Amino acid sequence: MEEEKTIGSSRVELTENNIENATEETRNVKEKIEDPKVGMMFNSIDDIMKYYTRYGKEKGFAVAKRSSKKGDDGEVRYVTIACNRAGKPRNRSSNPLKLQSESKTDCKAQLRAVLCPDGKWILNAMVLDHNHGLSPSRTRYYKCNRLLEPHAKKRFASNDKADIRMKKNLKSFVVEAGGHGNLSFIEKDCRNKLSCLHLGEGDVAAMQDFFLKMQVDNSDFFYTMDFNENGRLRNVFWADARSRATFKEFGDVVVFDTTYLVNKYDIPFAHFVGVNHHGQSTLLGCGLISNEDTETFTWLFQTWLKCMFGCPPCAIVTDHDKAMEKAIEIVFPKARHRWCLSHIMEKLSKKLRGYKEYESIKICMQNAVYDSLTKEEFEESWGKFVERYKLESNEWLLGLYDECHRWVPAFVKDMFWAGMSTTKQGESMHAFFDGYINLKTTLKQFLDQYEPAIAKKVVNENNEDFNSFNLCIPCITHYEMEKQFQSAYTIAKFKEFQRELIGNICCNLFSCKKGTVFSEYELREDVSLGESHRPAIFRVYVNEDTNEVNCNCRLFEFRGILCRHQIMVFIHREVYRIPDKYILKRWSKTVIRNHNKVQISYDNWFVKPEAQRYDKMCKAFYEVANLAADSEDRCEKVMAQIQELKREFENEEGVCGRNKPM
C-alpha cells in the first residue's frame with residue numbers, strides 16, 4: 001500500500017518573561033541616536049560626519065559632505081553636511097533616448113557647523129525636512145553605510161589562503177550578523193563565484209534534517225515526502241515560507257520545468273518559478289521526483305496546489321510533454337496551459353535533420369512561427385511551408401499544428417503571461433544555483449546551500465526595490481503619461497514602457513474610422529525581424545464612452561505593458577493621462593508586498609540575547625586589536641588583560657560548577 005507522509009507545522013512557544021528579557025537585552029545593545037539641535041558640539045568634522053551618517057541610517061537617508069569654507073588663515077571654519085540627494089538632477093547622457101537613472105532631488109536637508117575658538121565645532125543651522133521618501137530598512141545599501149572593516153578584510157584574506165571559498169566565507173559573516181540585512185557591507189563588496197548535484201550516501205537523512213530545521217525556523221515552511229509500498233522515498237516536495245508568500249503576489253503565471261537538473265546534473269529536480277515586479281525569476285516551490293509520468297506529475301501538482309492554499313495559477317508554461325499536459329488537465333483544469341516555444345524549436349534538428357533540405361526547412365518554419373503577427377498569417381505561412389517541402393505526412397509537425405494554440409506566439413498572446421515568451425525564466429535558475437553549488441555537490445550539500453541561494457534572490461530583489469525607491473529614470477518627453485508610469489512602476493518596467501514610447505518613431509497613423517461607440521485606427525509600423533524589416537499593419541479599437549483602447553498586437557494583454565500603437569492613439573486623441581486600468585499593480589514600486597516581510601534565517605542563534613552580547617564584545621575586541629596590532633607593547637598589554645579576564649571568568653565558572661546540585 002502506498003504511503004504519503006505530510007509533515008504539519010510546529011511552533012515554539014516563548015514565555016512572557018523570556019520575551020520581556022530578550023526584548024530588554026536587545027534594546028540595550030542598540031543605542032538610539034539623538035536628534036540634531038542647534039548648539040550641539042563636536043570635536044572634529046569627522047565626528048559631525050559620523051554622527052549625521054548614523055542619524056541618517058536610523059531615519060532612512062544617506063549623507064555626504066556638501067561644502068566647506070576656509071577662513072583668512074587658510075583653515076576650514078565652515079562646513080555643510082547634507083542629504084546625498086541634495087543638488088539638482090543632471091542628465092549626463094549624450095543620447096536622449098538612453099537617459100541614465102538619477103538620485104538627486106534637490107533635497108535641502110543639511111547640517112551647518114562653524115569652528116569655535118577652542119577648536120571644537122558647533123551646529124549653528126540645520127534643515128531636517130526631506131523632499132523624498134525615507135526608508136530606514138534600506139539605508140544599508142548606501143555607500144556611506146557600507147564598510148568592510150579591517151578585521152573583516154584580514155579574515156577574508158586568511159580564509160582565501162586556506163582555500164575557503166568566498167560564498168562559504170561570506171555565509172559565516174551572514175550567520176554571525178543574523179542575516180544579510182545586519183552586515184555592514186553587501187555581497188558585491190567582496191563578491192566571488194563558485195560554480196550542482198548528484199546523490200550521495202546519507203542524503204535522505206540530510207533531507208529530513210533540513211526540512212525539520214526549516215520548519216522550526218518558520219512554521220510556514222511546507223514539505224511532503226511520498227513513499228512507495230516498500231517504504232522507500234519516491235518523491236518529495238518543499239516550499240519555504242517566502243515562496244508561499246510570494247505566490248500570493250506573483251502566482252498568476254507559473255513556469256514548471258524539470259529539465260534543469262535533469263539535463264545538466266542528472267537528477268530529477270522540478271521547480272515552479274514565477275516573475276516578480278522587476279521581471280526577475282522567483283522560486284515558488286521545488287521537488288525531487290522519481291519518474292516523469294502523469295501519475296508523478298499529478299502528485300506533484302496536487303501537492304503544490306495544497307501548499308499554495310488551494311489557489312491554482314491562471315496560466316502555466318511547461319515543456320512539450322504529454323504527461324505534464326494530462327496532469328495539468330486533472331489538477332488545473334481552468335488554467336491556460338502553454339508549451340515552451342524554445343524547447344519545441346530546439347527539437348528541429350532531431351525531428352527534421354533527415355530531410356535533404358533541412359536548412360531551408362528550418363528557416364521557413366522559423367519564419368512562419370516568429371514572423372506571423374496574426375493567427376491568419378500563421379495559418380497561411382504554415383500551409384505554404386508544409387506544401388513547399390511536402391511535409392504533409394510528418395507526424396511531429398502534424399501534432400504541433402493540431403496544438404498550435406499551445407505554443408505559437410500569434411495564438412497565445414491574448415493572455416497575460418507576465419512577459420514570459422519561453423521558459424528562459426525557469427532556465428535562468430542556472431544563475432540561481434551556480435554561485436553556490438558545483439558538479440560534485442551532493443544533495444546534502446545542495447540542501448546546505450538552499451537558504452543562501454534563496455537569500456541571494458532576496459538580496460537581488462531588495463536591491464532592485466531600493467533602486468526603484470532611490471533612483472529615477474528621467475522622462476524623455478513632456479507627456480503626463482510618462483510621468484504616471486515613472487512614479488508608479490519599478491525601474492525595469494518603466495524602461496519597458498519607455499521603449500514602447502520611443503517605438504512611436506517607427507509608427508505612422510494613416511487611417512481612422514470614427515463611430516458613435518467604437519472607432520478603429522490603422523497604424524503602419526516598420527517591424528524589425530532579425531536583421532530585416534517589413535511594414536506591418538496594426539489596428540487599434542477605441543470605446544468612445546469608456547476611452548478603453550485595445551490593439552491587435554496584444555502586447556498589453558501579454559506583457560502588461562502599454563504598446564506603442566495604443567500610446568500613439570492616446571496622443572492622437574489628446575489623452576495624455578492614461579486611465580488607471582492600464583497601470584498594473586503587479587508592476588508597481590509603491591505597493592507594500594507581504595512576501596518582503598518573511599525573513600530568511602540561517603540560524604536561530606542571532607535572535608538570542610547571548611548572541612547580541614557576543615556580537616557587541618567582538619566588535620569592541622576588533623577595535624582594540626586594530627589599535628594594538630602595530631605595536632608589540634600594546635599587543636602584550638592587551639593579551640595580559642585578556643588572560644587576566646580569562647582566569648577571573650574561569651574561576652567564577654568553577655565556583656558556579658561546584659555549587660550546582662548533583
Side-chain angles (χ1 to χ4, degrees), residues 315 317-322 325 336-417 419-424 500 503 506-508 510-511 520-541 550-559 561 563-566:
V317 185
T318 72
D319 191 7
H320 177 203
D321 184 277
K322 283 294 181 183
E325 183 181 337
R336 180 78 175 270
H337 178 206
R338 210 183 92 203
W339 292 340
C340 168
L341 178 59
S342 66
H343 284 182
I344 291 174
M345 302 309 284
E346 286 169 2
K347 294 178 181 178
L348 290 182
S349 175
K350 179 181 178 181
K351 300 292 185 179
L352 303 176
R353 182 166 288 280
Y355 289 91
K356 185 178 180 180
E357 298 178 275
Y358 167 70
E359 291 298 331
S360 297
I361 290 174
K362 180 177 73 171
I363 294 172
C364 193
M365 180 176 170
Q366 289 173 338
N367 290 341
V369 172
Y370 293 117
D371 297 352
S372 298
L373 300 175
T374 65
K375 297 176 183 179
E376 293 74 22
E377 282 187 29
F378 172 76
E379 297 280 3
E380 183 180 351
S381 298
W382 186 270
K384 291 179 179 178
F385 154 66
V386 171
E387 182 180 353
R388 178 179 177 182
Y389 297 103
K390 297 179 171 49
L391 299 171
E392 293 87 351
S393 60
N394 186 290
E395 293 185 4
W396 183 67
L397 291 177
L398 283 172
L400 287 179
Y401 179 73
D402 289 341
E403 299 278 3
C404 61
H405 63 284
R406 292 193 186 277
W407 62 280
V408 177
F411 284 81
V412 301
K413 63 184 181 180
D414 61 334
M415 176 82 180
F416 181 69
W417 297 97
M420 291 189 285
S421 56
T422 70
T423 59
K424 286 181 180 178
E500 293 305 309
C506 303
C507 302
N508 286 300
F510 71 92
S511 76
E520 179 183 328
Y521 294 81
E522 283 195 358
L523 296 88
R524 186 190 303 272
E525 180 186 353
D526 187 24
V527 178
S528 175
L529 300 171
E531 298 180 357
S532 62
H533 297 79
R534 73 173 176 87
I537 303 298
F538 294 92
R539 291 178 174 81
V540 178
Y541 303 92
N550 295 305
C551 179
N552 67 345
C553 81
R554 314 298 282 179
L555 181 73
F556 180 73
E557 288 77 8
F558 180 75
R559 299 187 68 89
I561 300 294
C563 76
R564 59 195 63 185
H565 317 116
Q566 291 169 298

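Starting from 1, each residue takes its place in the sequence as its number. Worth saying up front: this structure is predicted, and the values here are computed from it rather than measured.
Across all their heavy atoms, Leu398 and Ser393 have their closest contact at CD1-C, 4.4 Å. Of all the heavy atoms in Cys553 and Lys413, the pair that sits closest is O-CD, 3.5 Å. When all heavy atoms of Phe385 and Leu391 are compared, the pair lying nearest together is CZ-CD1, 3.6 Å. For the pair Ser360 and Tyr389, the tightest heavy-atom approach, listed with the atom from each and the gap, is CB-OH, 3.3 Å. Residues Leu373 and Ala536 come closest through the heavy atom pair CD1-CB, 3.4 Å. Nearest approach of Glu392 to Val386, heavy atoms of both residues: N-CG1, 3.6 Å.
With 3.5 Å as the limit, one finds a donor-acceptor pair spanning the side chains of Tyr401 and Glu379. In this structure, a donor-acceptor pair under 3.5 Å is absent between the side chains of Asn552 and Tyr541.
Between the side chain of Arg336 and the main chain of Phe416, no donor-acceptor pair closer than 3.5 Å is present. Judged purely by atom type and a 3.5 angstrom limit, Trp339 has no side-chain atom pairing as donor or acceptor with the backbone of His405. Judged purely by atom type and a 3.5 angstrom limit, Asn394 uses its side chain to pair as donor or acceptor with the backbone of Trp396. Checking side-chain atoms of Glu500 against main-chain N and O of Arg564 turns up a donor-acceptor pair under 3.5 Å.
Within the 4.5 Å cutoff, the side chain of Trp417 has heavy atoms near those of the Val412 side chain. Proximity of Val369 to Pro409: side-chain heavy atoms (C-beta onward) are separated by under 4.5 Å at one or more points. At least one side-chain heavy atom of Leu348 sits under 4.5 Å from a side-chain heavy atom of Tyr358. The shortest side-chain heavy-atom distance between Glu325 and Arg406 falls under the 4.5 Å cut-off. Looking only at side-chain heavy atoms (C-beta outward), Leu341 and Tyr370 come within less than 4.5 Å of each other. The closest side-chain heavy-atom distance from Val540 to Leu523 is below 4.5 Å.
With Trp407 as the aromatic partner, Arg338 does not meet the cation-pi criteria of under 6.0 angstrom to the ring centre and within 45 degrees of the ring axis.
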Let me see the working for Leu397 and Trp382 under side-chain contact (heavy atoms from CB on, under 4.5 Å), right down to the final yes or no.
-> CA-CA 10 Å; Leu397 291 177; Trp382 186 270; 3.9 Å; yes
Do Lys384 and Glu377 pass the salt bridge (charged side-chain N to carboxylate O under 4.0 Å, His left out) test, and can you show the C-alpha distance, the side-chain angles, and the key distance before you say yes or no?
-> CA-CA 11 Å; Lys384 291 179 179 178; Glu377 282 187 29; over 6 Å; no
Could you check Ile344 against His320 for side-chain contact (heavy atoms from CB on, under 4.5 Å), going step by step and ending with a plain yes or no?
-> CA-CA 7 Å; Ile344 291 174; His320 177 203; 4.0 Å; yes
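For Phe378 and Phe411, the ring centers are positioned less than 6.0 Å apart.
By the ring-ring contact (aromatic ring centres under 6.0 Å, His included) test, Phe538 is found to be paired with His565, residues two or more places apart in sequence or in another chain being considered.
Under a 4.0 Å N-O distance rule, the pair Lys322/Glu403 qualifies as a salt bridge. By the 4.0 Å N-to-carboxylate-O rule, Lys362 lies close enough to Glu359 to be salt-bridged with it. With salt bridges taken as basic N to acidic carboxylate O contacts below 4.0 Å, none links Arg539 and Glu525.
Within a 6.0 Å radius of NZ in Lys347, more than 12 heavy atoms belonging to other residues, nucleotides or ligands are found.
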